[in-house]
Amino acid sequence: MTSQASAADPPPGRGAGRVPDPDVEAGRLSAVRRYDILDTPPDGAFDRIAALAGRLFDVPVATVTIVDSDRIWFKATHGLEGVKEIGRDPGLCGSAILRDDALVIPDTLHDPVAADNPLVAGEMGVRFYAAAPITTPEGHRLGTVNILDTKPRSITEDDIATLSDLAAIVMDEMELRLSALNALREEQERRTAESLHAERERARAEAERAAREQAEKDKAAIAAFASTLQRTLLPPALPVVPGLELACHYRTASVHDVGGDFYDVFPVDADRWAFFLGDVCGKGPEAATVTALARHTLRAAAQIDPDPVTVLSTLNTVLLTDVAAGSRFCTALFGLLTPHEGGDFTVTVASGGHPSAYHVRPDEGGSVWVKAVRPKGGMLIGAFPEAHFAESTFRLAHGEGLFLYTDGLTEARTAQGAMLGEDGLTGFLHQRTGSLTATALVDDTVTLLDALPEGVGDDVALLTLSVPDFESVPEAGVAATAHTTATPEHFGQE
Amino acid sequence: MTHTLQLALRRPHSHLTIATLTGDIDMHGAPVLRAQALEAIQQGPPHVVLDLTRVGFCDSSGLSALIGIWHAARAAGGSLSLAGAPDRLIRMLALTGVDSLLTVHATADDAVTAMTGS
C-alpha cells in the first residue's frame, strides 16, 4: 500500500495557513497549562514513544511536541539532538494542532506553507512530515507526535492510524502523569492541612496548658489565702496556763473552704482563764466573717463579765445585730476556769447549741469514766433574739481531762459507713488505756481520724484540757504545758 | 447525686399552707426551700407546715433555711411547724435548742390539728 491517504492530501494551504481561533486557542493553552508538562525534564515514557515512532516508520526524526502560545516545545525527540524548542511557524506542527485529524505532507516542497518553514527551508531540509495531534478528552490539542524525513515519502492509512495511536498513547501518558500530579498535590495539600491542623492542635494544647497552669496558680493563691485567713481565725498557739495541760488540733476537710471552726484559750484576770470552741454554720468567706466576729466578741465580752451564759448571750445579741453576719449562726461552748489551792479547777461551761464536751477520768476498772457536759437548754447562737443559754459547773481534778470537739468529728464516717456519732466517740474515749493528758487525748483522736477510710467530710477542731496527775506534778510548783497542733493540716498537701 | 428538692403546696384551711417536700435539704436544696417558702408566706397565709416525710437528708444549710423561714413566718404574724422530720434533723434541732421554738409533729395532720385546735 503506497497510496496516499486522504488526510495526507489536503488542498494546498488547508489548515496550514489558518490563524488559530482565539477561543479555541485560549482553551487549548489553559489545557496545556493544566497538564503542566512544558519545560519538564526528559521522561522515559515519552522518549520511548518518540523512538518507537522513529523505528516504526523508519524515519530519521520523530518527536513529541507540546505547542505553547509562542513556541513549539519538544517533550521527546528521536534523531534530533540538542533542540529543545522551535518557533511556532506555520507549516508543520504549528499547522498540525489546528486540525482534528493527522496532517501528512508527503513532500514539503510541494506545500506552499510548509515550504517556508525553517525546518524545511533551513539546514535540516525536511521533505516529509506527518503529525497526529495529542488531543485531550475535552478536545483540546496540546501538541503532536511527529515523524520527519529528509526524503519525500507517502504513508498508508494504517500508518496514519498507528501515528494517531501513538498520539493517543502520549495523551494517556499525560493523563496518568496529571492524575499522579494531582494526587501528589492533594497529598501535599493534605500534609499541609495536617501540619496546619497539628500546629493548631499544638497551639490549642499550649493554650490549654497555660490556662491550666494559671488555674493551678490561682488555686494555689486561693488556698494560700484561705490558709492565711484560717491562721488568723485560729490562735497561733495555745497559751501556757499554770497547772493545766492544753492541746488542740484543727484540720480542714477541703483545702478550698475556709472553715467555720474556732477555739481559743485566754486569761480573764489574774487567776481565771476562759476557753471556747465553736462552729459557724456554713463555710467560705461569709462564715469566716462570723468566725472572726464570734472570736473577738467572746474575748471582749469575757473581759466585761466572764460568766459563761452572759458571754454567750452577748454573742447572740451581737450576731443578731451585725449586718454583715446576716442569717449566720454558730454553736459554741464557753468555759471559765477557776484554779484552787490544791491544783484542781472549777470549770463552768455554757453551751450554745453545741455538742457536749466530755469530762474524763480514769475509772477503777482501768478504763475511762466519761461524762457528757451537757447544760440543758443551750440554743443556737445568733438565730433567735429570745435564745437562752445554760451552764453547768463541775470540778476538774488531778488526772482528769476535758474534751471539746466540733461535729466534724462525730459526723466522720467509720469503716462501716456509719457516722462515728456521739456514742462512737464516748465509746472510743471510754476504751482508751493511755493517760488522760490533754496531749494524749488529742493524739489518740487524730490517730482515730487518720484511720477512717474516707477521712473527714467536714472541718474538725479539738480542744482538750487536763490537770496533771499528782505524781507528774513537779514538787516545786505546778505543771505548765501547752501542746498546739493548730496548723490546718490539709494545706500544702494537695 | 441528690435530686432537686420539690415543693408541693396545698391549703387545707384559709389561713394555713402545707408544703410537702421531696428531696434533700442540703446546700443545693436549702436555697430552693427558702425561696419558695418565703414566697408562699408573702403571698398567702403566714402559717406554714413543712411536711418532711419525704425528705431524706437535712444538713446545717437546711437548718439555716428553716430558721430563715421561721423568722419570715413570725414577722408576718404566722408560724412554722414541721411534720415527719428525719431523725438527724430532730437530733440537730434538739442539740441546737431550736426545737423549743420550732415545733415538730409526727404527721402533717397532727401539725394542722395542733394549729387549728380541731
Side-chain angles (χ1 to χ4, degrees), chain A residues 254 257 259-261 278-284 286-287 290 309 312-313 316 319-320 325-333 350-357 372 374-390 405-408 410-411 418-419 421-423 457-459, chain B residues 1-2 24-39 41-42 46 48 50 56-82 85-104:
Chain A
S254 160
D257 285 321
D261 291 2
D279 183 358
V280 170
C281 298
K283 280 188 192 301
E286 253 184 283
V290 183
V309 164
L312 291 187
S313 299
N316 189 57
L319 288 183
L320 280 167
S327 57
R328 290 285 184 167
F329 335 115
C330 71
T331 64
L333 291 173
S351 173
H354 196 84
S356 309
R374 198 191 299 271
K376 285 271 175 258
M379 289 177 71
L380 193 63
I381 307 164
F384 307 103
E386 59 268 72
H388 46 87
F389 305 98
Y405 67 96
T406 56
D407 59 10
T410 43
E411 287 173 8
M419 285 187 192
E422 291 197 22
D423 291 346
D458 197 359
D459 297 355
Chain B
M1 286 298 288
T2 54
D24 291 341
I25 316 177
D26 52 11
M27 60 179 293
H28 304 291
V32 176
L33 168 61
R34 188 192 292 264
Q36 296 197 22
L38 293 192
E39 195 185 331
I41 289 167
Q42 215 166 28
V48 176
L50 296 180
F57 176 84
C58 179
D59 67 4
S60 63
S61 48
L63 180 66
S64 296
L66 294 178
I67 291 168
I69 296 163
W70 181 89
H71 278 290
R74 204 173 65 151
S79 66
L80 171 68
S81 50
L82 307 180
D87 287 349
R88 187 177 169 204
L89 177 60
I90 290 177
R91 279 200 303 277
M92 195 154 59
L93 293 172
L95 176 67
T96 55
V98 177
D99 60 354
S100 64
L101 295 172
L102 215 164
T103 41
V104 182

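Chain A is the first sequence line, chain B the second, and so forth, proteins listed ahead of strands; every chain is numbered from 1.
- The distance from the CG atom of A:Leu380 to the CG atom of B:Leu63 is 6.0 Å, given to the nearest 0.5 Å.
- At a 4.5 Å heavy-atom cutoff, the contact between B:Ser100 and chain A is made by side-chain atoms alone.
- Listed by chain and residue number, A:Phe384 satisfy the ring-ring contact (aromatic ring centres under 6.0 Å, His included) test with B:His71 (two or more places apart in sequence, or in another chain).
- Heavy-atom contacts from other residues, nucleotides or ligands closer than 6.0 Å to CE of A:Met419 number more than 12.
- Taking the salt bridge (Lys or Arg N to Asp or Glu O under 4.0 Å) definition, one finds that B:Arg74 meets it with A:Glu386, sequence neighbours left out.
- Comparing B:Asp99, B:Leu95, B:Val98 by how many heavy-atom pairs each has under 4.5 Å with chain A, the most go to B:Leu95.
- Between chain B and the residues A:Pro355, A:Ser351, A:Ala387, the largest count of heavy-atom pairs under 4.5 Å involves A:Pro355.
- For A:His354, the part sitting under 4.5 Å from any heavy atom of chain B is the backbone (N, CA, C, O) and nothing else.
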